[in-house]
Every structure is written in structure tokens, then in C-alpha cells.
Amino acid sequence: MNSVTLKKIDESNFLDCFALKLGPGREEYVSHPIRSLAQAYVYYHQCTPFGVYDGDQMVGYLMVIYDYDEQTYNLWHLMIDESRQGRGYGRAAVIAALDYIRTKPFGSSNRVLLTCNPENRVAWGLYKALGFTGSGRADDEETELEYTV
């Protein structure tokens with residue numbers, strides 16, 4: 001997956017982002033990109049929305065947001081288009097997001113958090129394989145995982 005890159009969502013590619021499709025039953029685990037981009041707009045001073053690209057084709061979406069109160073980075077709303085799942089794009093996207101976070105775009109924290117429903121077995125397995133561990137916190141059906149860059 002050497003060709004996977006993250007590109008900021010802007011006026012040139014937001015419609016491509018809106019066209020991404022969640023797989024059947026996935027909406028219980030992942031927000032649609034339209035909702036996510038609305039959140040990115042509201043939190044613009046602490047959030048970067050990215051398209052996940054294979055070459056020049058957008059195959060997914062994720063957001064990096066900084067929590068100034070907790071001084072932590074958070075990965076939000078990772079999704080890969082239903083037609084591109086199972087090809088390693090999610091793994092490549094998380095690795096690229098962690099590389100971005102290492103540049104400290106919003107603050108000096110080394111702590112990265114995300115939430116995941118353990119029943120979302122593919123995502124859960126991915127995060128665990130990349131070294132995320134339980135933080136000890138959970139809300140509703142989601143468990144918080146953490147990683148140190």
C-alpha cells in the first residue's frame with residue numbers, strides 16, 4: 001500500500017468524500033462523511049479531515065482532532081468505501097494519520113485516542129494489531145483505545 005496517502009478535505013475533493021459508501025450495517029459503527037465534515041467545520045481550529053487516497057482515487061476518509069482540554073489527539077470516523085474494504089487501506093490510513101500526528105500539528109501531545117465498538121471485529125483487530133491498548137474508559141457501546149507516538 002505504498003500509494004496510500006492522506007489529503008486534506010477541501011473545496012476540490014469534498015464531493016468525492018460525500019460519495020463514499022458505508023457497507024451494509026456499518027452505519028452503527030461509523031458516521032457518514034457528510035456528518036463528519038460538519039463536525040470538522042465546527043471544530044476547524046482543532047481538526048483536520050482527510051481523504052484516504054490510493055493514487056488519485058479517494059477510497060476512504062478519517063479525521064484527526066486535538067482535544068485541548070485533555071491534550072490528546074483523537075482519530076475520528078475512519079471509514080473505507082465499501083467497494084475497497086479488505087485491501088489494507090484502513091491499516092495504511094491509520095499509519096499515515098499517526099505519522100501526521102507525530103508532526104504535532106495542534107499540540108505537543110504524544111497520546112492518541114480513539115473509540116471502537118469491540119463488536120466491530122475488523123476495526124478492533126486492526127487497532128489492536130497496530131498497538132492500541134485499552135485506556136480503561138468506555139461510553140455506550142464503545143471502548144476507548146490509546147496509543148503513544
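Please read all numbers here as calculations on a predicted model, not as lab measurements.
When all heavy atoms of Leu37 and Pro49 are compared, the closest pair comes out as CD2-CB, 3.7 Å. Summarising the geometry of Gly90 relative to Leu78, their closest heavy-atom pair is O-CD2, 4.2 Å, with the distance given to 0.1 Å. For the residue pair Leu75 and Ala97, the shortest heavy atom distance occurs at CD2-CB, 3.7 Å. Nearest heavy atom pair, residue Pro118 against residue Glu141, reads CD-O, 3.6 Å.
Taking the six-membered ring where the residue is Trp, Phe106 and Tyr73 present tilted rings, their angle falling between 30° and 60°. Ring orientation note: the planes of Tyr44 and Tyr41 are tilted relative to one another, at an angle of 30° to 60°.
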Practice task
Check the pair Thr133, Leu145 against side-chain contact (heavy atoms from CB on, under 4.5 Å), reporting the backbone distance first and the verdict last.
Solution key: CA-CA 5 Å; Thr133 58; Leu145 300 175; over 6 Å; no

Problem - Chi angles and distances behind the side-chain contact (heavy atoms from CB on, under 4.5 Å) call for Asn74, Leu114 - result: CA-CA 5 Å; Asn74 294 268; Leu114 59 82; over 6 Å; no

Exercise for the section: Decide side-chain contact (heavy atoms from CB on, under 4.5 Å) for Trp124 and Thr143; before the verdict, give the C-alpha distance in whole Å, the side-chain angles of both, and the deciding distance to 0.1 Å. Expected result: CA-CA 10 Å; Trp124 186 264; Thr143 299; 3.9 Å; yes

Practice task
Begin with the C-alpha distance, continue with both residues' side-chain angles, and end with the deciding distance and a verdict on side-chain contact (heavy atoms from CB on, under 4.5 Å) for Thr148 and Val112.
Solution key: CA-CA 6 Å; Thr148 302; Val112 181; over 6 Å; no

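Under the 4.0 Å criterion applied to side-chain N and carboxylate O atoms, Arg102 and Asp99 are assigned as salt-bridge partners. Ion pair Lys128/Glu146 not flagged as a salt bridge, since none of the NZ, NE, NH1 or NH2 atoms sits closer than 4.0 Å to an Asp/Glu carboxylate oxygen.
Neither side chain, Tyr66 nor Thr48, offers a donor N or O lying under 3.5 Å from an acceptor on the other. Between the side chains of Lys104 and Asn110, at least one donor N or O lies within less than 3.5 Å of an accepting N or O. Side chains of Glu142 and Thr115: a donor on one and an acceptor on the other come within 3.5 Å. A side-chain N or O of Asp54 and one of Tyr89 form a donor-acceptor pair less than 3.5 Å apart. Inspection of the Asp81 and Tyr61 side chains reveals no N or O donor paired with an N or O acceptor under 3.5 Å.
Within a 6.0 Å sphere centred on CD of Glu70, heavy atoms belonging to other residues, nucleotides or ligands number more than 12. In this structure, Lys8 places its NZ atom where only 12 or fewer heavy-atom neighbours from other residues, nucleotides or ligands lie under 6.0 Å away.
You'll find the side chain of Tyr53 stays beyond 4.5 Å of the side chain of Val59, heavy atoms only. Side-chain atoms of Met58 and Lys7, non-hydrogen and from C-beta on, never get closer than 4.5 Å to each other.
By the criterion of side-chain heavy atoms lying less than 4.5 angstrom apart, applied directly or through intervening Ile, Leu, Val, Met, Phe, Trp or Tyr residues, Leu113 is not grouped with Val149; the two fall into different hydrophobic clusters.
Distance check: Leu126 CG to Arg121 CZ gives 15.0 Å after rounding to the nearest 0.5 Å. In this structure, CE on Met63 lies 4.0 Å from SG on Cys47, to the nearest 0.5 angstrom. Remark: Asp16 CG to Gln57 CD distance equals 7.5 Å, nearest 0.5 Å. The distance from the CE atom of Met79 to the OG atom of Ser36 is 8.5 Å, given to the nearest 0.5 Å.
Taking the six-membered ring for Trp, Phe50 and Tyr100 have ring centres closer than 6.0 Å.
Side-chain N or O atoms of Asn13 include one that pairs as donor or acceptor with a backbone N or O of Asp10 at under 3.5 Å. When atom types are taken as modelled, the side chain of Gln85 and the backbone of Ile80 share a donor-acceptor pair closer than 3.5 angstrom. A donor-acceptor contact shorter than 3.5 Å is absent between the side chain of Thr72 and the backbone of Arg111. Counting only distance, with no hydrogens or angles, the side chain of Arg87 and the backbone of Ser83 share a donor-acceptor pair below 3.5 Å.
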